[in-house]
Each structure stands twice: as C-alpha cells, then as structure tokens.
Amino acid sequence: MNKFLNKVVVITGGTRGIGYETARAFLKEGATVVVLGSKKESVDKALQSLKEEFKEAKLGGYYPNLASLESVKADFKKIHDEFGAIDVLINNAGVSDDHHFGDYTEELANKIIDINIKGVLYSTLAAYPYMKEAHKGVVINTSSVVSKEGTTGGVMYPTSKFAVNGMTISLARELAKDGIRVNAVAPGVTYTDMMKAVPDEYIKPLVASIPLARLGQPEDIANAFLFLASDEASYISGEILHVDGLVRC
Ligand code: NAD
C-alpha cells in the first residue's frame with residue numbers, strides 16, 4: 001500500500017479498458033493519477049467513477065489531441081502546474097485495426113500513426129522537460145504481443161507497435177543520462193469491454209493456444225505497469241515485458 005504516495009502518474013487512454021484499470025491500480029498505491037482521454041465526456045465519466053471508489057484520491061483529467069505536440073505540451077504544462085511533478089508517464093492510448101492490406105487508405109494509416117506512434121512520442125516529449133529537470137522519471141509504453149508475432153491483416157497495428165518497441169529501446173538509451181527509465185509492456189489478448197462482444201467460438205481456440213490457458217485481464221497488465229514504475233524495477237530500462245500467458249525463448 002502507498003508505494004506511489006505523492007507520485008504523479010499520467011495515463012493516456014486512462015478512461016477505459018487497460019488504462020482505467022491501471023489508474024485504479026496506481027490509486028490503490030496512493031498515487032496522484034491524471035487520466036487522459038480523447039473527449040471531455042469520457043474523461044469526466046472516468047473521473048466520476050474513480051472519485052466514487054477512491055474518495056480521498058488526488059485526481060486530474062485532460063483530453064489533449066495526442067496527434068498535436070502543441071496540444072499535448074499545453075496540457076502537460078497544466079498538469080505540472082496543478083500537481084508539481086510528472087513522475088510516471090504511461091503511454092497506453094491506442095487504436096487497433098483489422099483492415100485487409102488492399103483496403104488501406106492514407107486516412108486510415110494516418111489515424112494509427114497519429115495515436116499509436118505520434119501519441120507516444122509527443123506525450124513523452126511533453127513530459128521530458130519536467131522529468132529531466134527533476135533528474136528522475138519513468139516512461140512506460142504499451143506495445144503488444146503482435147510486436148513479436150505480427151498479424152494476418154491490419155498491418156499498420158503491428159507496424160505501430162514495432163515502432164513503439166524501437167522508441168522504447170532507443171529512448172531508454174538516450175534518456176538514461178537524465179535519470180529516466182523507459183520500458184514497455186506488451187499485452188496479449190486482454191479481456192476489455194471490446195472483447196466481451198467476441199463470440200465464444202473465437203475465444204475458445206484462442207485460449208487453447210495459450211499455455212497459461214486464459215485470456216489476460218486488465219489487472220494483469222496494470223500489475224506489470226505498477227512493477228515497472230516502482231523502485232523494485234530501478235535497474236530495468238529498455239525492456240519489452242510480455243504479459244500474454246505465452247511461453248517463448
Ligand atoms: P480500449 O479501446 O479499451 O482503450 C483505449 C484507450 O485509448 C481509451 O481510453 C481511449 O480513450 C484512448 N484513445 C483511443 N483513441 C484515442 C485518441 N484519438 N486520443 C486519445 N485517446 C485515445 O483499449 P485497451 O484494450 O484498453 O488498449 C489499451 C492499450 O493496450 C492500447 O495501446 C492497445 O493497443 C494495447 N493492447 C491491448 C490489447 C487487448 O487485447 N486489449 C492487446 C495488446 C495491446
């Protein structure tokens with residue numbers, strides 16, 4: 001308990017799914033949590049339900065355009081002004097995709113690049129001056145099992161997650177001198193709201209292919225973020241931590 005007391009944790013895409021569960025996990029450990037989402041309504045809704053569960057918690061919410069460095073920088077300045085630090089940045093916002101290769105358009109490619117790649121880059125750039133000044137900070141990106149395996153279809157999604165891995169490893173090297181650790185968590189198929197609509201006949205063979213014989217839960221991913229953000233992981237940087245129930249060597 002209270003492992004993150006007085007630490008300010010910013011979570012992009014914190015309004016639902018893995019991000020929301022991650023906000024809960026950090027709040028349970030006493031952190032000040034700032035949830036970022038795409039719209040005011042979804043941010044307000046998430047903040048309201050977090051406030052109901054964590055009555056004493058220090059919470060903030062913003063909805064920058066993650067594809068605009070100017071917008072992200074402006075909101076990170078407000079976060080720093082309001083809470084006095086940015087200790088941990090969880091780059092979790094992401095969009096998935098399953099289009100056939102021949103159906104790709106410039107608009108679709110840009111949508112995935114904007115959120116999954118530029119969103120990670122711009123949020124990290126916006127947090128960087130504050131972490132650099134404090135000479136400490138943790139950035140954790142959200143990759144995916146597909147960054148190892150690839151996919152059949154939706155090629156821009158794995159492409160974006162390979163880019164996230166590249167950014168993670170390279171920034172881990174470059175920012176170590178500033179006291180900043182950069183890691184990624186790569187979830188396997190995780191049971192968020194979206195998955196609840198997927199029929200059993202798709203889920204069953206999927207589970208059968210996973211040695212640990214279940215889908216991931218958002219809590220599994222949140223726990224990995226907690227670990228990598230904690231002092232227990234103070235000697236770990238540039239790691240892509242797979243949380244997917246698979247066994248690989
Ligand atoms: P989700 O769709 O439930 O949540 C995505 C979050 O990203 C939401 O909070 C949403 O507001 C935010 N977001 C989406 N578009 C945005 C935009 N334009 N601007 C700002 N925020 C935006 O997804 P999830 O399953 O919780 O996924 C979270 C992360 O985990 C993503 O990066 C995803 O690629 C990754 N991931 C998920 C799974 C899975 O099976 N659920 C597997 C591997 C990786």
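Atoms within each ligand, like the ligands themselves, are counted from 1 in listed order. Along the sequence shown, residues are numbered consecutively beginning with 1. Note that this is a predicted model, so its numbers are computed, not measured.
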Requested in this report: Using protein heavy atoms only, decide if any is under 4.0 Å from atom 23 (O) of ligand 1.
Outcome: no
Report task. Might you work through the salt bridge (Lys or Arg N to Asp or Glu O under 4.0 Å) test for E21 and R24, ending with a clear yes or no? Result -> CA-CA 5 Å; E21 207 48 51; R24 291 186 65 239; 2.5 Å; yes
Requested in this report: Look at atom 28 (C) of ligand 1 and say which protein heavy atom is nearest, naming residue and atom and giving the distance to 0.1 Å.
Outcome: N92 OD1, 3.1 Å
Report task. Would you mind checking which non-hydrogen protein atom is closest to atom 15 (N) of ligand 1, with the distance to 0.1 Å? Result -> V95 CG1, 3.8 Å
Requested in this report: Flag V189 as yes when one of its N or O atoms lies below 3.5 Å from any N or O atom of ligand 1, and as no otherwise.
Outcome: no
Report task. Answer side chain, backbone, both or neither: which part of Y157 comes under 4.0 Å from ligand 1, heavy atoms only. Result -> side chain
**Report entry** Minimal non-hydrogen separation, T12 against A93, with atom names
**Finding:** OG1-N, 2.9 Å
Report summary line: Across all chains, not counting sequence neighbours, the side chain to side chain contact (heavy atoms under 4.5 Å, CB included) partners of L241 are A224, L228, V243
Requested in this report: Report, in ascending order of atom number, the atoms of ligand 1 lying under 4.0 Å from any heavy atom of G17.
Outcome: 3 (O), 26 (O)
Requested in this report: Determine whether any heavy atom of Y191 lies closer than 4.0 Å to an atom of ligand 1.
Outcome: no
Report task. Please indicate whether D81 has more than 12 foreign heavy atoms, meaning atoms of other residues, nucleotides or ligands, lying under 6.0 Å from its CG. Result -> yes
**Report entry** Interfacing atoms of ligand 1 (cut-off 4.0 Å, heavy-atom, T192)
**Finding:** 25 (O), 26 (O), 41 (N)
Report summary line: atom 35 (C) of ligand 1 sits nearest the protein heavy atom T142 CG2, 3.6 Å
Query - Worked check of salt bridge (Lys or Arg N to Asp or Glu O under 4.0 Å) between K196 and D193 - result: CA-CA 5 Å; K196 289 177 187 158; D193 284 346; 3.1 Å; yes
Query - Donor-acceptor contact present, side-chain D244 to main-chain L246, <3.5 Å - result: yes
Requested in this report: Output yes when the distance from some N or O of ligand 1 to some N or O of L66 is under 3.5 Å, and no in every other case.
Outcome: no
Query raised in the report: Closest non-hydrogen protein atom to atom 27 (O) of ligand 1, residue and atom name please, with distance?
Result: I18 CD1, 4.1 Å
Report summary line: Closest heavy-atom approach to atom 38 (C) of ligand 1 among G188, G216, A93 is made by G188
**Report entry** Distance from atom 19 (N) of ligand 1 to nearest protein heavy atom, with residue and atom
**Finding:** S38 CB, 3.5 Å
Query raised in the report: Can you tell me the protein heavy atom closest to atom 3 (O) of ligand 1 and the distance?
Result: R16 NE, 3.2 Å
**Report entry** side chain to side chain contact (heavy atoms under 4.5 Å, CB included) partner of L66, chosen from S71, S123, S38
**Finding:** S123
Query raised in the report: Does atom OH of Y63 have more than 12 heavy-atom neighbours, drawn from other residues, nucleotides or ligands, at distances under 6.0 Å?
Result: no
Query raised in the report: Closest non-hydrogen protein atom to atom 41 (N) of ligand 1, residue and atom name please, with distance?
Result: T190 O, 3.5 Å
Report task. For E53, look at atom CD and say whether over 12 heavy atoms of other residues, nucleotides or ligands are found less than 6.0 Å away. Result -> yes
Query raised in the report: Backbone N or O of G13 within a donor-acceptor pair of the T15 side chain at under 3.5 Å?
Result: no
**Report entry** Under-4.0 Å heavy-atom contact with ligand 1, by part of S143 that carries it
**Finding:** backbone
**Report entry** Within 6.0 angstrom of E133 CD, more than 12 heavy atoms from elsewhere
**Finding:** no
Query raised in the report: K161 to ligand 1: N or O pair under 3.5 Å?
Result: yes
Requested in this report: Please indicate whether any nitrogen or oxygen in T15 is less than 3.5 Å from any nitrogen or oxygen in ligand 1.
Outcome: yes
Query raised in the report: Heavy-atom count around E232 CD within 6.0 Å, excluding the residue itself: above 12?
Result: yes
Query raised in the report: Which protein heavy atom lies closest to atom 12 (C) of ligand 1, and at what distance to 0.1 Å?
Result: G13 CA, 3.6 Å
